[in-house]
Number of protein chains: 2
Amino acid sequence: MAEGPTINTIARHAGVSIASVSRVLNGLPTREETVRRVLRAAEELGYVPNSVARSLKSRRTNQVAFAMADIGNPVYLAMVREIQPVLRAAGYRLLLHSTDADVADELDVLRGLGERYVDGLIMIPLRVTEGHLSALAAARAPVVVIGSVPEGAGVDNVRADSRTGVRLALDHLYGLGRRRIAFVNGPADTVPGAARAAAYREALDALDLPYDEDLVEVGDFYRAEGARAVRTLLDRAGDVDALMCANDLIALGALDVLRRAGRRVPEDVAVVGMDDTDLAAVAWPSLTSVSLGSARRGRAAAELLLDRLENGKREPRVVTVEPRLAVRASTVGARAAEEYGENGAAEEAGDGGEGAREAGRAAGGEGIR
Amino acid sequence: MAEGPTINTIARHAGVSIASVSRVLNGLPTREETVRRVLRAAEELGYVPNSVARSLKSRRTNQVAFAMADIGNPVYLAMVREIQPVLRAAGYRLLLHSTDADVADELDVLRGLGERYVDGLIMIPLRVTEGHLSALAAARAPVVVIGSVPEGAGVDNVRADSRTGVRLALDHLYGLGRRRIAFVNGPADTVPGAARAAAYREALDALDLPYDEDLVEVGDFYRAEGARAVRTLLDRAGDVDALMCANDLIALGALDVLRRAGRRVPEDVAVVGMDDTDLAAVAWPSLTSVSLGSARRGRAAAELLLDRLENGKREPRVVTVEPRLAVRASTVGARAAEEYGENGAAEEAGDGGEGAREAGRAAGGEGIR
DNA sequence: TTGTAAGCGTTATCAA
DNA sequence: TTGATAACGCTTACAA
């Protein structure tokens, strides 16, 4: 932990000026002899350029931040896993912000951009308030928002399409002959909760199925509460033959409850989750789930940001990621699920997954595949 | 994205010197009137101090890095979840490095400390080579290593105790009357692989059980390969009545294979995993697993680093985290498991978990609980 | 109480 | 080709 050498140290050591040192270190044309002496001194002293000083001068930090509610959330995690390598390949370091679901925290992050500790930000807000819009407009660095933001917001925007996603799931269930398709949602006042509720109604309409209030139950987005909601639902509407769950955790809770109630999955009740997290493949029976493309959204966001960092003034762009349905045992049975192949999480990982897999293996930990 | 104001801008605006601006902004004694003018100007101009300039001057970045193989690995993820809030509370930002299981990358991170973009580093190396030791010795910022490092390495060190961990598991199985306890390990040339293999032999010894090569199979640390290993094992030693798996993913693979083979868990074969990841509670039957305290190790590492950052010159410290056994259905059956209560992952999260849980809920994603 | 000026470690301009 | 020097935005002696 010795005090590190600076270009001054090197300059003295090599008997040249700091300007020459800088030139050599930056590969600018310099006399052979000077180059040698500088490099030799740098080598001997173990010189490493100070990135803070460099940043002050260049006005670039080569750092990018990702702000989400909680890294423990598999959806955000999938994003980080894609974002990290993309940024890294472009020479950026990744900084993580957990906003703890706190709107004020999110706004702080946005204002914090003024401190210039990062060159850009990818953020996934819980909800988009007026405060967000004005903070975004005033942001002192490029921001990419994951999650819908009004057109005029002036930021790059990556969107999921839960509408189509729910539609895929209901079509699938309908195709399997299910007609009493219940919906277990999280809080309606959250962005995803609202979007998924609307999507459910629409999908029913499209299938000419009636909207039946008895078939809808709201809890939160967690397993225990999901289980409770499903119990209530079953008590109220015993003839349910399919459950559309607003995320995978709710679906896991549903599987527990159904098992205890002696209902077979999928024979008696088919179950579909949402987000297609790693858990879906681990569950038993394995869980059919709608992928909203967390990984692809993360990647898209990173790419948008990089592009914007190189190309400051271009029109804001909106990217929408197509949902996909990962069909597994909880709707078609274990046998058939194997024929479908593992078309869920595995696909998501795509090219970005390989390094990670290698990593986990050598580390003796567990990547999830 | 307008160019931000600096103390110069404010100084001109307020008609004072930059020194006065700095003083006011740092709360140093200043005349009332000056304070007012400066604050007013700062407010009007939307001044935000430039953290890069501040860092250059103060020689502190208020950033800390965490380097691990792959954030997608649940073990590391659990660590990040604990590390982040601890650092944040102390005013540090968290920077993530994925080393992709590459030793050279790890060494790069260590050397990179010379760039002074962080004040300290928490790292969890895949293995500890000579190169690591010398890089650690030469590190230009405090480092905390998670994973055993030789005494003289001169860095703070947080250790798991897989020896005791395996012992806990085997005692548990023995107590349930199991005597043919097989071991499914990952590669023996990895740190955890080697440690767990040795621990298995020792635990057998302690129980006066014979070491039987037929009961040991090595694969990697993933589910598919774990499944393969278990198949091989069952073919070779059909009388196995318990499986000790070197991590949870292997154990998940084992559950699949046993299910297909028509062996009941735990009646015919009891299964124990290791690391007690979130997946253990999701599996069916839920998985008894040895917690090596990922979350606690993360927290301990963060605390060691913070302490070291405040208190540069103290003796390196070694913290060892006690393993715990999370008993679930895969060894005692579903009924009994409920009586044990959820003594696994839930406990791990501890006080650090609440904010995260809230976060996930509002976000409509899924924290894992 | 305030202002001037030096310095943190770079990069880049401009003469020499 | 090279060196002296001025920024970058901030903190902090030191003088006034």
Side-chain angles (χ1 to χ4, degrees), chain A residues 2-39 41-42 45-63 91 112-119 140-141, chain B residues 2-39 41-42 45-63 91 112-119 140-141:
Chain A
E3 280 307 311
T6 74
I7 51 171
N8 276 288
T9 328
I10 299 190
R12 274 199 306 276
H13 216 78
V16 298
S17 74
I18 62 166
S20 288
V21 175
S22 178
R23 274 189 290 261
V24 170
L25 263 23
N26 290 296
L28 298 180
T30 316
R31 184 164 55 115
E32 180 81 5
E33 163 68 7
T34 312
V35 171
R36 252 201 308 276
R37 281 164 57 191
V38 168
L39 290 183
L45 298 172
Y47 171 78
V48 181
N50 181 312
S51 64
V52 176
R54 187 173 281 188
S55 289
L56 179 59
K57 185 69 183 151
S58 67
R59 297 153 163 281
R60 304 178 62 259
T61 59
N62 292 308
Q63 297 187 154
L113 292 177
E115 294 178 29
R116 315 226 88 113
Y117 63 96
V118 287
D119 298 335
R140 294 250 169 88
Chain B
E3 280 307 311
T6 73
I7 51 171
N8 276 288
T9 329
I10 299 191
R12 275 198 306 277
H13 216 79
V16 299
S17 73
I18 60 167
S20 288
V21 175
S22 178
R23 274 189 289 261
V24 171
L25 264 23
N26 291 296
L28 298 180
T30 316
R31 185 163 54 115
E32 181 82 3
E33 164 68 7
T34 311
V35 172
R36 252 202 308 276
R37 282 166 53 193
V38 168
L39 290 183
L45 297 172
Y47 171 79
V48 180
N50 180 312
S51 64
V52 175
R54 186 172 282 188
S55 290
L56 180 59
K57 183 70 186 158
S58 66
R59 297 151 161 280
R60 303 179 62 259
T61 59
N62 292 308
Q63 297 188 154
L113 292 177
E115 292 178 30
R116 315 225 89 109
Y117 64 95
V118 286
D119 298 336
R140 295 250 169 86

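The sequence lines fix the lettering, A, B, ..., with proteins before strands; numbering per chain opens at 1.
For B:V48 and A:R23, each mapped to the nucleotide of DNA chain D holding its nearest heavy atom, the one lying further toward the 5' end belongs to A:R23. Each of B:L56 and B:R31 lies near DNA chain C, and the nucleotide nearest B:R31 is the one positioned closer to the 5' end.
Within the structure, a side-chain polar atom (N or O) of B:S17 is placed less than 4.0 Å from OP1 or OP2 of C:dG3. Phosphate proximity of D:dT11 to B:R54: present, with a side-chain N or O under 4.0 Å from OP1 or OP2. Proximity of A:S22 to the phosphate of C:dT10: no side-chain N or O atom is located under 4.0 Å from OP1 or OP2. OP1 or OP2 of C:dT11 has at least one side-chain nitrogen or oxygen of A:N26 nearer than 4.0 Å. Proximity of A:S20 to the phosphate of D:dG3: a side-chain N or O atom is located under 4.0 Å from OP1 or OP2.
Atom CD1 of B:I10 is separated from atom C1' of D:dG9 by 11 Å (rounded to the nearest Å). Atom OH of B:Y47 and atom P of D:dG9 are 10 Å apart (whole Å). Look at CG on A:N50: it is 10 Å from P on C:dT11, rounded to the nearest Å. Between B:Y117 atom OH and C:dT10 atom P there is a gap of 16 Å when expressed in whole angstrom units. As rounded to whole Å, 9 Å separates atom P of C:dT4 from atom CD1 of B:I18. Counting to the nearest Å, the C1' atom of C:dG3 and the CG atom of B:L28 are 15 Å from each other. Per the geometry, CZ belonging to B:R60 stands 18 Å off P belonging to D:dC10, to the nearest Å.
Within the 4.0 angstrom heavy-atom criterion, only backbone atoms of the sugar-phosphate kind lie near B:P49; the bases stay farther away. Among the protein residues, A:R59 comes within range of the sugar-phosphate backbone only, with heavy atoms under 4.0 Å from sugar or phosphate atoms but none that close to a base. Using a 4.0 Å heavy-atom criterion, one finds that B:N8 contacts no nucleic acid atom at all. Within 4.0 Å (heavy atoms only), A:V16 reaches sugar-phosphate atoms of the nucleic acid but no base atom. As judged by a 4.0 angstrom heavy-atom cut-off over every strand, B:S55 is placed among residues making no nucleic acid contact.
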